[in-house]
There are 2 protein chains.
Amino acid sequence: MSDDSWVPPLVMVAVDLVILTLRAAKLHVLLVERGVEPYLGELALPGGFLNNAEEDILDAAHRELSEEANLDSPRLHLEQLGTYGAPNRDPRGRVISVAYLAIAPGLPEPVAGTDAAGARWEPVEEVLSGCVKLAFDHHGILVDGVERARTKLEYSALATAFCGDTFTIAELQQVYEAVWGVELDLRNFYRKIQGVPGFIVSAGTDRRTTKGRPARLFRAGGLTALYPPLVRPGSSTADEGE
Amino acid sequence: MSDDSWVPPLVMVAVDLVILTLRAAKLHVLLVERGVEPYLGELALPGGFLNNAEEDILDAAHRELSEEANLDSPRLHLEQLGTYGAPNRDPRGRVISVAYLAIAPGLPEPVAGTDAAGARWEPVEEVLSGCVKLAFDHHGILVDGVERARTKLEYSALATAFCGDTFTIAELQQVYEAVWGVELDLRNFYRKIQGVPGFIVSAGTDRRTTKGRPARLFRAGGLTALYPPLVRPGSSTADEGE
DNA sequence: CGAATAGTGTCTATAAGACATTATACT
DNA sequence: AGTATAATGTCTTATAGACACTATTCG
């Protein structure tokens, strides 16, 4: 079975990014129009191969984030999602892709200065529902990425990664509502959020608008794990009765 | 930057397994003594390279599970843990390792008929504390695997994967206590477990012992996600005050 | 002072934590 | 009957869900 002259197969390693953000109170994902074969002209997650045999995978993810999305804030949330390695997922040969999940605060308008032909924010709903098709197995990767984000919102302070440096409690609530696709009670949300010490800390200032009472501004506290968690409603779906 | 003649670097892909089980009410991990360089003679997680360029990664994990641990029950829990790809993690060259977490029910005594020199169950505590050293970056992989198991016990029915086909509630409690390293109140545990419909279903029979009242036997229900979750005590560690 | 937006308080139901007793089988 | 192990019940406390009012700013 094991032969002295045997050598393991060599494969290409890609990094793909699920970059989520909030735009107009809806969850969006960054997609690029492919400029090369295969799937030329089709939509895909941003990503690419390792640059060289010495590049660390996480470094490659950061590099792609910078090259393809023009996003390179060191405070950007970036975590490994999973590795996708079906033998025929790429017609160019054996490619395994390490997927990362990135969360970005709502950005100005366009995603300029990118490497890929065209990069754009697409509502996640459009892609999950199948109205917008993705190249490779990227649909499955996106599904996993969105599910990860939904889950991590419950047990971690990930929601603040969707917000700018400072944000109001109402904005934070919009994050939860958009990612989970539910409506939350404003008063219970205030109580809950402020009951978790270290989740958000006051920024001291207010945000004034043309009308109405100014909203207090907060910034993310150092807390990463949320105890007790913020349980997503409607999860009580029992699988079987008895 | 992108040149027409450029080709991505080729790397070797390994699969490593964190196989956890319960032995004598303590959490154990399966380790093998390496029979080849590098790290010859040292302890490591079971694993190996992809067999050929057409082998699926998950299939490779199952194959290693069978070859190195003699475990191949199709009902065995096996899930991807993460991918470890630091450039210098393996002296043989660029190797990225896809780690899987496997949960096995308490097995008879030895892990016989294995491919590796010697395979044995080691208490997780011994390894996490550093008393037992592992080759490569396997210590970190084990840490992640144990943490994953601890977390999934809270929100999923993973605990039943540590048990045999049928089990008592007391045995299930031992799983939680061993993996979390805490003591749980027996009465609250009974109430909680039986309050989640579909988590465990009665197997009809009892388990008789020499002394005392027989315990009712259960088997795993179809449920995978636990709602509400079983929160691990002592998690309320606030990061900062104000 | 009215409109618009921000923030808080109360009541109720459900779940968690602490704790003592009853139940069944065997010798 | 005694012992050993299995299982259940109650009280208290905390947290979640439903719901209505007060507060601040601006024109």
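Source: prediction; values computed, not measured. Side chains included, hydrogens not; waters and symmetry mates left out as well; all remaining heavy atoms used. The chains referred to below are lettered A, B, ... by the order of the sequence lines, with proteins before strands, and numbering in each begins at 1.
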Visitor: Are any of the side-chain heavy atoms of A/T21 and A/L30 separated by less than 4.5 Å?
Guide: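 Side chain of A/T21 against side chain of A/L30, heavy atoms only: no contact under 4.5 Å found.
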Visitor: Which comes earlier along DNA chain D counting from the 5' end, the contact point of B/R213 or that of A/L230, where each point is its nearest nucleotide?
Guide: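 Residue closer to the 5' terminus by nearest nucleotide: B/R213.
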Visitor: Between atom CG of B/D137 and atom CG of B/D16, what is the distance when rounded to the nearest 0.5 Å?
Guide: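 B/D137 atom CG to B/D16 atom CG measures 8.0 Å (nearest 0.5 Å).
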Visitor: Would you mind reading off the distance between B/I193 atom CD1 and C/dA15 atom C1', rounded to a whole angstrom?
Guide: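 The distance from CD1 of B/I193 to C1' of C/dA15 comes to 14 Å, rounded to the nearest Å.
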Visitor: May I have the distance from A/Y227 (atom OH) to C/dG17 (atom P), rounded to whole angstrom?
Guide: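 Distance, rounded to whole Å: 13 Å.
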Visitor: Check every nucleotide of DNA chain D for an atom under 4.0 Å from a heavy-atom of chain B, then give the first and the last such nucleotide from 5' to 3'.
Guide: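 Going 5' to 3' along DNA chain D, contacts run D/dA4 to D/dG9.
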Visitor: Less than 6.0 angstrom separating the ring centers of A/Y176 and A/F189, yes or no?
Guide: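 Yes, ring centres under 6.0 Å apart.
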Visitor: Does anything in residues 169-191 of chain B reach DNA chain C, meaning a heavy atom under 4.0 Å, and if so which residues?
Guide: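 Per residue number, the list reads B/D185, B/R187, B/N188, B/R191.
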Visitor: Out of curiosity, B/E177 CD to B/W180 CH2, how far, rounded to the nearest 0.5 Å?
Guide: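 Between atom CD of B/E177 and atom CH2 of B/W180 there are 10.0 Å.
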Visitor: Can a donor-acceptor pair be found between the side chains of B/Y84 and B/D144 at a distance below 3.5 Å?
Guide: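 On atom types as modelled, these side chains qualify, holding a pair under 3.5 Å.
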Visitor: What is the separation between atom CG on B/D206 and atom C1' on C/dA25, rounded to the nearest whole Å?
Guide: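 Taking atom C1' of C/dA25 as the reference, CG of B/D206 is at 10 Å.
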Visitor: Taking the nucleotide of DNA chain C with the nearest heavy atom to each, does B/K211 or B/P229 sit closer to the 5' end?
Guide: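 Nearest nucleotide further toward 5': that of B/P229.
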Visitor: Between B/Y155 and A/Y155, does the ring centre distance come in under 6.0 Å?
Guide: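 Yes, close enough.
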Visitor: When you compare the side chain of B/K133 with that of B/L43, does any pair of heavy atoms fall below 4.5 Å?
Guide: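 Sidechains of B/K133 and B/L43: no contact.
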Visitor: Contact class for A/T210 (heavy atom, under 4.0 Å): base, sugar-phosphate, or nothing?
Guide: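 Counting heavy atoms under 4.0 Å across all strands, the contact made by A/T210 is with sugar-phosphate only.
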Visitor: Whole angstroms only, please: what is the CD-P distance between A/Q194 and C/dA6?
Guide: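 Distance, rounded to whole Å: 14 Å.
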Visitor: How about A/R232 and A/V182: do any of their side-chain heavy atoms sit closer than 4.5 Å?
Guide: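 No. Closest side-chain heavy atoms not under 4.5 Å.
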Visitor: Can you name the closest pair of heavy atoms from A/L76 and A/A104 and give their distance?
Guide: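 Taking A/L76 first and A/A104 second, the nearest heavy atoms are CD1-CA, 3.9 Å.
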Visitor: Return whichever of B/T209 or B/P228 has its heavy-atom-nearest nucleotide of DNA chain C closer to the 5' end.
Guide: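 Taking each residue's closest nucleotide, the earlier one in sequence belongs to B/P228.
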